[in-house]
Amino acid sequence: MKIEKLISQVLIKGIPELYGQPVSQEMIQLQKTNKEFEGDITLVVFPLLKISGKSPEATGQDLGVYLENNIEDIIKFIVYKGFLNMVVSDRYYLEFMNRVCRYNEYGFSAKDTDAETVMVEFSSPNTNKPLHLGHIRNNLLGNSVCNIIKAAGKKVVRTNLVNDRGIHICKSMLAWQKWGNGETPESAGKKGDHLVGDYYVMFDQQCKLQVADLISQGKSRDEAEKTAPLMLEVQEMLRKWESGDAEVYALWKTMNDWVYEGFEETYRRLGIGFDKIYYESDTYLVGRDTVLEGLKNGLFYRHKDGSVWVDLKTEGLDEKVLLRADGTSVYITQDIGTAQERKNDFHPDRMVYVVGNEQNYHFKVLRLVLDKLGFSWAKTLYHLSYGMVELPEGKMKSREGTVVDADDLMDEMIKTAREMSYDLGKLEKLSPEEKEDTFTMIGLGALKYYILKVDPVKNMTFNPRESIDFDGNTGPFIQYTHARIKSVFRKAEENNIKLPEQAILTIALNEKEKNIMKITHDFPEIIINSAETYNPSLIANFIYDLAKEYNQFYHDFSILKEPDPEVRAMRLMLSDLTAKVINSGMGLLGIQVPDRM
RNA sequence: GGUUCCGUAGCUCAGUUGGAUAGAGCAACAGCCUUCUAAGCUGUGGGUCGCGCGUUCGAAUCGCGCCGGAAUCACCA
């Protein structure tokens, strides 16, 4: 049993014996002992003073004696003001290490066959332009949250919702039709998503010219934007698409397929995949039917122009349109349909949406509308809202060309890893393929860690120069720690030193060794916590603390040159455990760790 | 204007359900490779935790009010 839990239990039994009054779990406040004091675990005694009727010091003293007498692994205690600092035996941590070292996935909860199923939607791209930095944060968060929830013992269904229809999609299509001259990704030598994105930009530019032209002819901006020939044409194209026009539909299909191929490549490099992909073009009709059904049942009302609305004023929100006057659907219509499809397909106990915080209001509305429609599972929707990614100069603006493209960014990170590696004279013994794999691991590791170490709710600044930094609190620093440990094991093997099965329990641990054991001891709890709060940054910061502590140990003490074979064996095991936790913790972030770097 | 979120070192970020003298990294400066990988380690400087009031044994953390920033309040997605 974990020592913290044991202390809690003993106190709940012991305090009534000592003071004749019961205690509740919340009054037992255990925390890690601060660095500047001796001890491992601290009990805050202030909440217990009412029960003891004594001073903080006297209460701490009473409880210290009681715990020392009743728990074998508490070998000493020091009372300082209102804090009872307890020293945990080295034996306890050695036993812990022996117990845990044989598992490759130490810290992960056992997979329970009747565990709840959590469905997570993330990525959710539009098919009119390539993925950018904002999508990267979304993808990394979604992927990592899935890994973490799974590690916490739940079943996870990864899903993506592709926004593949609408006026914005038609814009690229129209531009290609007009000016593309039959260009294809192959003929252009370009990824499909980039090619389609180029036509989207082209449309925008041409349209602006027309608008400017109309304004110079004396029209208002508003009027010009509505009557520009290209705008009229693209609207006509959308109508054709919705009515199933064969030619438009074929073009849509072709260009979307180009985009999917491009996305596929980006996802593959990022290490991301899905169990199920939904397409808005498939689900919007389901939502429309549901809305009409709700209208029939009097849940919604029809405006005199024919549009359908929901009134959420009693819920503190406003009125919201659910279907346009012409009967076509809006964004939320599609989400209503998608949610139902998902429920039917997978029966999830929870549905998590990884979507930026600019859509907080939208998800509030979605939940309320689904609730109004009588879906009992509406309250199981959770919007994992994350902050915007900004550049040091401010927001990314596609107009000003400051959008950071996902593919370019990955290329840049890997390139930097390569240059850095050559500068440092690393990896010379590896084959070209192994080298490239390692550069990719490091470059992407830097990128992913840089983004995931920040609390999702916060807006973050993406500083390109800083993100490719490989020192300090970075992915490569952690990867390096792993590579160092693996290097020790290679050396051990050369010298015929084997990793022992068990460490003997009578070894006296130094401070660094004990610290590393204490940190790894917390890993299971960190995973649970991180899963419950949908927060990968907890894992990232935890792994960093571990790597930092290990590097100090590595610097201060020798492993293979340690003369005492029992101590050497223990240090090897400790190193092995550290490597395993780094490996699986980074794995939860979607980051691979190399054996050499 | 209403609602929601954010505000911690020059910069980027940590800081469990309120706990001891608020921590890392980057940048700057000064050290450490004959020894398991120096992408490492050590040290120095750097703070009115946006401001004020309140709650209490105790507040960066909770409440209220300001100030600053962001998002949103579309028959856009």
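Here the structure is a predicted model, which means the values were calculated and not measured. Numbers restart at 1 for each chain; the letters A, B, ... are given by sequence-line order, proteins then strands.
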Review point. Expressed as a whole number of Å, how far does the C1' atom of B/G15 sit from that of B/C49?
Key: 11 Å
Point to revise | Candidate pair A/Ser575 and A/Phe489, rule side-chain contact (heavy atoms from CB on, under 4.5 Å), full reasoning | key: CA-CA 9 Å; A/Ser575 300; A/Phe489 280 102; 4.1 Å; yes
Review point. Given atom CZ of A/Arg568 and atom C1' of B/C36, what is their separation to the nearest angstrom?
Key: 12 Å
Check your understanding: If you measure from the P atom in B/U61 to the same atom in B/U21, how many Å do you get, rounded?
Key -> 16 Å
Practice item. Between B/U37, B/A20, B/G40, spot the one nearest the side chain of A/Asp471, thanks. Key: B/G40
Point to revise | Watson-Crick or G-U counterpart of B/U16, or none if no pair lies under 3.5 Å | key: none
**Study point:** Pairing nucleotide - B/U21, Watson-Crick or G-U, each distance under 3.5 Å
**Key:** none
Review point. Watson-Crick or G-U wobble partner for B/G47, using a 3.5 Å limit on both distances?
Key: none
Review point. Can you tell me how far C1' of B/G25 sits from CG of A/Asn541, to the nearest Å?
Key: 11 Å
Revision key, fill the gap. Whole-Å distance, A/Leu391 CG to B/U12 P, equals 13 Å
Check your understanding: Within less than 4.0 Å of OP1 or OP2 of B/U72, is there a side-chain N or O belonging to A/Tyr361?
Key -> no
Revision key, fill the gap. Picking from B/A77, B/G19, B/G40, the nucleotide nearest the side-chain atoms of A/Val44 would be B/G19
Exercise for review: Using the P atoms only, state how far B/G19 lies from B/G58, rounded to an integer number of Å.
Suggested key: 14 Å
Point to revise | A/Tyr544 side-chain proximity, nearest of B/C13, B/C36, B/A24 | key: B/A24
Review point. At under 4.0 Å between heavy atoms, what does A/Thr461 touch on the DNA or RNA strands: base, sugar-phosphate, or nothing?
Key: sugar-phosphate
Review point. Between B/C36, B/A38, B/A20, which one does the side chain of A/Val488 approach most closely?
Key: B/C36
Point to revise | Verdict with reasoning, A/Asp164 to A/Thr127, per side-chain hydrogen bond (donor to acceptor under 3.5 Å, both in side chains) | key: CA-CA 5 Å; A/Asp164 61 347; A/Thr127 56; over 6 Å; no
Review point. For the ring pair A/Tyr353 and A/Tyr382, is the centre-to-centre distance below 6.0 Å?
Key: no
Check your understanding: Can you check whether A/Lys426 has a side-chain N or O nearer than 4.0 Å to OP1 or OP2 of B/A39?
Key -> yes
**Study point:** Lys/Arg N to Asp/Glu carboxylate O, A/Lys364 vs A/Glu315, below 4.0 Å
**Key:** no
Point to revise | Phosphate contact (B/U42 OP1 or OP2) by A/Gln552 side-chain N/O below 4.0 Å | key: yes
Point to revise | C1' atoms of B/C66 and B/G10, separation to the nearest Å | key: 27 Å
Practice item. Consider the side chain of A/Val457, meaning its heavy atoms from C-beta on, and name the nucleotide among B/G40, B/C6, B/C36 that approaches it most closely. Key: B/C6
Review point. Hey, do the aromatic rings of A/Tyr544 and A/Tyr449 have their centres closer than 6.0 Å?
Key: no
Check your understanding: Which value, in whole Å, describes the distance between the P atoms of nucleotides B/C29 and B/A22?
Key -> 28 Å
Revision key, fill the gap. Re B/A30: Watson-Crick or G-U wobble partner, both distances kept under 3.5 Å, found to be B/U42
Practice item. Have a look at A/Asp545 and say if it touches a base, only the backbone sugar-phosphate, or nothing, with a 4.0 Å heavy-atom cut-off. Key: nothing
Practice item. Give a yes/no on whether any side-chain N or O of A/Lys458 is located under 4.0 angstrom from OP1 or OP2 of B/A14. Key: yes
Exercise for review: Looking at every strand, decide which applies to A/Asn529 at a 4.0 Å heavy-atom threshold: base, sugar-phosphate, or nothing.
Suggested key: base
Check your understanding: Is a donor-acceptor pair below 3.5 Å formed from side chain A/Ser537 to base B/A14, judging by atom type as modelled?
Key -> no
**Study point:** Out of B/C41, B/A20, B/A77, whichever nucleotide has its closest atom nearest the side chain of A/Gln359
**Key:** B/A77
Check your understanding: In terms of side-chain heavy atoms of A/Asn551, which of B/A39, B/U3, B/C41 is nearest?
Key -> B/C41
**Study point:** Note: A/Glu494-A/Arg490 ion pair, threshold 4.0 Å (strictly below)
**Key:** no
Study note, to complete from the structure: Rounded to whole Å, CD of A/Glu358 lies from P of B/C73 at a distance of 10 Å
Review point. Contact class for A/Ser385 vs. all strands (heavy atom < 4.0 Å): base, sugar-phosphate, or nothing?
Key: nothing
Exercise for review: Quick one: label A/Phe477 by what it contacts on the DNA or RNA (base, sugar-phosphate, nothing), any heavy atom closer than 4.0 Å.
Suggested key: sugar-phosphate
Point to revise | Base of B/A20 paired with side chain of A/Asn85 (donor-acceptor, under 3.5 Å) | key: yes
Point to revise | Nearest-Å distance once atom P is located in both B/A14 and B/A74 | key: 32 Å
Check your understanding: Counting only side-chain N and O atoms of A/Lys548, is one of them less than 4.0 Å from OP1 or OP2 of B/G25?
Key -> yes
Check your understanding: What about the rings of A/Phe477 and A/Phe470, do their centers lie closer together than 6.0 Å?
Key -> no
Review point. Between A/Ala547 and A/Phe557, who's closer to the 5' end of RNA chain B by nearest nucleotide?
Key: A/Phe557
Exercise for review: Compare side-chain N and O positions of A/Arg484 against OP1 and OP2 of B/A38 and report whether any pair is under 4.0 Å apart.
Suggested key: yes
Practice item. Check the chi torsion on B/C41 and let me know: syn if it falls within 90° of 0, anti if not. Key: anti
Practice item. To the nearest Å, give me how far apart OH (A/Tyr449) and C1' (B/C13) are. Key: 10 Å
Point to revise | Closest to side chain of A/Asn126, choosing from B/A39, B/C13, B/A77 | key: B/A77
**Study point:** Pair partner, B/U56 [Watson-Crick or wobble, under 3.5 Å]
**Key:** none
Review point. Looking only at N and O atoms, is any donor in the side chain of A/Lys32 or the base of B/U16 less than 3.5 Å from an acceptor on the other one?
Key: yes
Check your understanding: Less than 6.0 Å separating the ring centroids of A/Tyr550 and A/Phe553?
Key -> yes
**Study point:** Selection from B/A74, B/A77, B/C36 that lies nearest to any side-chain heavy atom of A/Val321
**Key:** B/A74
Point to revise | Nucleotide nearest A/Arg324 when distance is taken to its side chain, options B/A39, B/C76, B/C36 | key: B/C76
**Study point:** Nearest-Å distance once atom P is located in both B/C26 and B/A20
**Key:** 26 Å
Practice item. If B/U72 has a Watson-Crick or G-U wobble mate with both distances under 3.5 Å, name it; if not, just say none. Key: B/G2
Exercise for review: With C1' as the reference atom in both, quote the distance from B/G25 to B/A77 in angstrom, rounded to an integer.
Suggested key: 38 Å
Practice item. Taking atom types as modelled, find out whether A/Tyr331 and A/Gln359 have a side-chain donor-acceptor pair closer than 3.5 angstrom. Key: yes
